[in-house]
Amino acid sequence: QVQLVESGGGLVQPGGSLRLSCVISGFSLDYYAIGWFRQAPGKGREGVSCISSTDGSEYYADSVKGRFTISRDHAKNTMYLQMNSLKPEDTATYYCAAEVICIPTLQAMGGGDYWGQGTQVIVSS
């Protein structure tokens with residue numbers, strides 16, 4: 001059974017950093033696209049970042065480019081989202097997902113067959 005377990009959320013001041021982790025069991029990171037989504041209160045789901053299963057290329061939403069970095073560790077079956085220079089508008093519940101649609105060349109991200117429970121990130125003074 002595919003399972004995703006997230007950690008790393010919390011309260012941070014503007015300009016601070018957080019590192020989210022997602023441990024995935026039940027499938028290999030070598031053959032599936034993985035990524036992160038977020039949803040702020042009262043807003044729709046937004047694709048944040050993903051790694052393509054075809055060539056390993058990365059997608060980033062315009063709102064997080066230059067500040068967030070996605071990565072994966074095959075040995076640990078874990079993916080990460082390093083978030084730097086956090087802004088209040090980054091406040092949201094963040095979800096990791098597997099089997100996502102990830103086409104960086106077309107700036108496209110969506111879908112998701114498997115999801116974590118979500119971890120809350122609050123950026124505030």
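FYI, side chains are in, hydrogens and waters are out, and symmetry mates aren't considered; it's all heavy atoms of this structure. Bear in mind that the values here come from a model prediction, so they are computed numbers and not experimental data.
Of the possible donor and acceptor atoms, one in the side chain of E6 sits under 3.5 Å from a partner among the backbone N and O of G118. The backbone N or O of Y59 lies less than 3.5 Å from a partner atom in the side chain of S49, making a donor-acceptor pair. Remark: the backbone N or O of V123 is paired with a side-chain donor or acceptor of T91 at under 3.5 angstrom.
Placement of I24 and L81 within a single hydrophobic cluster is found when ILVMFWY residues are connected by side-chain heavy-atom separations under 4.5 Å, directly or transitively. L106 and M109 are not part of a single hydrophobic cluster, where members link through side-chain heavy atoms under 4.5 Å apart. One hydrophobic cluster, built from ILVMFWY side chains closer than 4.5 Å, cannot hold both Y32 and I103; they sit in different ones. At a threshold of 4.5 Å between side-chain heavy atoms, the hydrophobic network of Ile, Leu, Val, Met, Phe, Trp and Tyr places F37 and V5 in two separate groups. Follow the hydrophobic side-chain contacts under 4.5 Å out from V48 and you reach V12 in the same cluster.
Defined by atom type and a distance below 3.5 Å, a donor-acceptor pair is present between the side-chain atoms of S63 and E46. With no hydrogens or angles considered, a side-chain donor-acceptor pair links Y60 and E58 at under 3.5 Å. Side chains of R38 and T119: a donor-acceptor N/O pair is absent below 3.5 angstrom, by distance only. Counted by atom type alone, N84 and S17 present one or more donor-acceptor pairs between their side chains at under 3.5 Å.
We find that D62 and K65 are joined by a salt bridge, their nearest charged nitrogen and carboxylate oxygen being less than 4.0 Å apart.
A 4.5 Å side-chain heavy-atom check between F68 and Q82 finds every atom pair outside the cut-off. Side-chain contact between P14 and P88: present, with at least one pair of heavy atoms (C-beta onward) separated by less than 4.5 Å. Using a 4.5 Å heavy-atom cutoff, the side chains of I70 and W36 are in contact. For the pair C102 and S53, the minimum side-chain heavy-atom distance is 4.5 Å or more. I34 is listed as a side-chain neighbour of R72, based on a closest heavy-atom distance under 4.5 Å. Contact of the I122 side chain with the Q120 side chain is registered, since non-hydrogen atoms from C-beta on lie closer than 4.5 Å.
Remark: Q39 CD is packed, more than 12 non-hydrogen atoms of other residues, nucleotides or ligands lying under 6.0 Å away.
Rounded to the nearest 0.5 Å, atoms SG (C22) and OH (Y94) are 15.0 Å apart. Atom OG of S21 sits about 12.5 Å away from atom CG of L4, to the nearest 0.5 Å.
Closest heavy-atom contact between R67 and D90: NH1-OD2, 2.7 Å. The two atoms that bring C50 and V100 nearest to each other are CB-CG2, 4.2 Å, heavy atoms only. Contact detail for L86 and M83: the closest heavy-atom pair is CD2-CB, 3.8 Å. Heavy atoms only, all atoms of each residue included: G9 and V121 are closest at CA-CG2, 4.2 Å.
The aromatic rings of W115 and Y95 sit perpendicular to each other, their planes meeting at more than 60°, with 30° as the lower class boundary.
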Stepwise, does the side chain to side chain contact (heavy atoms under 4.5 Å, CB included) test hold for M79 with S71?
CA-CA 6 Å; M79 65 172 169; S71 62; over 6 Å; no
